[in-house]
Structure formats: C-alpha cells, structure tokens
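Let me begin by presenting the structure, written as structure tokens, before commenting on it.
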There are 2 protein chains.
Amino acid sequence: MSTLKSSKQRDAVLANLQSRYDHPTAEDIFLAVREVIPSISLATVYRNLKLLESEGLILKIPTGESDRFDGHTQGHYHLTCINCRGVIDLDIDPGVTLNALPRDFDGTVTSHSLMFYGICPDCKKTN
Amino acid sequence: MSTLKSSKQRDAVLANLQSRYDHPTAEDIFLAVREVIPSISLATVYRNLKLLESEGLILKIPTGESDRFDGHTQGHYHLTCINCRGVIDLDIDPGVTLNALPRDFDGTVTSHSLMFYGICPDCKKTN
DNA sequence: CACAATAATGATAATGATTATCATTATTAA
DNA sequence: TTAATAATGATAATCATTATCATTATTGTG
C-alpha cells in the first residue's frame, strides 16, 4: 500500500468543499479551485475527490446525473430539487430512520443515505 | 405532445421489470428481454426505461455506477451491498422518515428515497 | 543539504453509460 | 387502406469518469 503525500491541489479541493454548503459536481469544484490554482487539471480534481471520499473526508452523492460532493460528513439529509436539479441540506435528526430497521434482517447495515425530492425554497419562491 | 403508441418491446421491458425482485441495470434488462425478443436493441431498452420512469410505472435507482431499475413502485427501501454491489429490497415501513421532516421547511417534498449500505445476507453467508 | 524513491500532477486518450440521429417499420385513427 | 406519426434497430455522438504516461513535487535517509 502506498503512503499518501500531501499536495496543494488536494488541500485546495478539500478546502473548497468544506467552505461551501451547496453540493457541487466535479466540474463545479474544478472551476472554483482553478481560481486559486489556475494550472489544476480536471483529472486531478476527480482523482482527489475519489481519494478524499475513500478517506471518509467527503461524501459522494449519486444523483442519476453527475455525481455531487459534500464536504460535511456529519449525518444529515438532502433534498434534490426536481426543478433546478440542485441539492440542498435538510435539518432532520439522522437517527430516526436507522431505528426502523427490521430486527430479522440477515445482513449488516453500516450506513444509509436519505434523499428527498421536491421543490427547493428558492424555486418555490421564484415560481 | 405526442400520443403514446403501444409496442411489444415496451411491454416486454415493463413485464420483465415487474417479474423480478432484483434491481437490474439497463444492460441486465436488455439481456433478459433479448431472450424473448431477440431483435431488440439496447437503445430501445434505454428509451423505454426513460419513458416508463416518466410515466411513473418504474423507479430509477441512482447508484454512482450504472443506474438500476425497479418495477415495483410502492414505497419501500433498498440496501446496496458494498461487497457485490447488488441492490436488494428491505422490509421497513416507508412512513417513518417523512414524519421527521421539519415543519419550518420552506420547500415542498414530493417523495423520498432511502438507501442503506452494508453487506447483503448472501455475501454475509459466503464470507 | 543532496538524493533516491515514489506519489501526485497535467494533458490527454480511453472507457463506459446513456442519448441522439436517421432511415425503416409498426400502430393507430379516420 | 391509407395517411400520420410513434417506435424501432443500428450506430454515431455525447457526457462523465477513469487510465495512461511522461514530468514534477514530496518525503525520508544518509
């Protein structure tokens, strides 16, 4: 197993993700980090997103379109707006759902992810 | 707006999806339906999956890899096995999570999807 | 400090999943 | 039965993501 070496690109990707509360795609992150490190490559962004996710430092949110990423790993839930396709945080207790797991389930559950679909406050206001 | 015309390909895709309880990819469905309609094209499978989903007859499950599909639309939850990458049904009351929605949320929620991650019974037995 | 080992990078080619195109075929309503 | 048009199969195109590879940066050691 190879040992991690630090890189300013990886630091910048993580810092960007931790500084924002939307849920950007790899492309979004690429564009943002490029303001700070103009030479950064999209491949490096993808590489580091994968690495950071496997380290447990960020979350990947599959959406059916481009994956989105979240720099805040404490349990919380999301809403996907079916109008603007954006993903926002919701303020709900993350515990409730796990309590509902049936006792007789033969597998092992290690985590869960809850996605709500609907209209986000911004889109609701605008329409 | 164009009016739907029936096709045996679309019927076969829907029938296949409704007859099974795994959560196949478009490719899986293509291979299965080809046993019945050897001339069917993968493009036709994708086309009809999209159409059936927009009609609300099937569910698309984003996974971060290939999308998976579900022919049973009554509310229920899934477990993604982090070992075999399969998706199985879980037997939990779908109501609990919606009750947890905060009252002061300014948007509108129309549906939700809960994905558990862990080891499925088959993989747990085998290892 | 100098250096060797190797992880990380940027550029870009390759892949895999999904969608678009287009000529042909099938379904439908009149 | 026919005209209108939705659906198909074949395949090209697109989009997101990953792999490759030569070069650069980081790190531990003498």
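FYI, side chains are in, hydrogens and waters are out, and symmetry mates aren't considered; it's all heavy atoms of this structure. Every chain is numbered from 1, with letters handed out A, B, ... down the list of sequences.
- Under the 4.5 angstrom side-chain criterion for Ile, Leu, Val, Met, Phe, Trp and Tyr, L59(B) has no cluster partners at all.
- Listed by first then second residue, pairs satisfying ring-ring contact (aromatic ring centres under 6.0 Å, His included) with a partner in residues 28-72 of chain A read Y21(A)-H72(A), not counting sequence neighbours.
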Under-3.5 Å N/O pairs linking protein and nucleotides 13-17 of chain D:
residue : atom : partner : partner atom : Å
dT17(D) : OP1  : D67(A)  : N            : 3.1
dT17(D) : OP1  : D67(A)  : OD2          : 3.1
dT17(D) : OP2  : Y46(A)  : OH           : 2.5

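- Under a 4.5 Å side-chain heavy-atom criterion applied to ILVMFWY residues, the cluster that includes L51(B) comprises L4(B) as well.
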Show the distances under 3.5 angstrom between N or O atoms of the protein and N or O atoms of nucleotides 26-30 of chain D.
residue : atom : partner : partner atom : Å
dT26(D) : O2   : K5(A)   : NZ           : 3.0
dT27(D) : OP1  : S6(A)   : OG           : 3.1

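- Each salt bridge (Lys or Arg N to Asp or Glu O under 4.0 Å) pair with one or both residues in residues 62-80 of chain A, not counting sequence neighbours, appears once here: K60(A)-D67(A), E65(A)-R85(A).
- Judged as a salt bridge (Lys or Arg N to Asp or Glu O under 4.0 Å), not a single pair has a partner in residues 28-54 of chain B (not counting sequence neighbours).
- Contacts between residues 52-59 of chain B and DNA chain D, defined by a heavy-atom separation under 4.0 Å, are absent.
- Annotation: ring pair (Phe, Tyr, Trp, His ring centres under 6.0 Å) contacts of H78(A) (sequence neighbours excluded): H23(A), H76(A).
- Close to dG9(D), at under 4.0 Å from its OP1 or OP2, lies a side-chain N or O of Q9(B).
- For residues 6-21 of chain A, the set of pairs meeting the salt bridge (Lys or Arg N to Asp or Glu O under 4.0 Å) definition, not counting sequence neighbours, comprises R20(A)-D22(A).
- Fit an axis to the five pairs at each end of the helix from dC1(C)-dG30(D) to dA30(C)-dT1(D) and the two axes sit 40° apart, to the nearest 10 degrees.
- Within 4.0 Å (heavy atoms only), R10(A) reaches sugar-phosphate atoms of the nucleic acid but no base atom.
- For T108(B), the side chain to side chain donor-acceptor pair (under 3.5 Å) test picks out K124(A), with sequence neighbours left out.
- S39(B) has a side-chain polar atom (N or O) that falls below the 4.0 Å cut-off from OP1 or OP2 of dG9(D).
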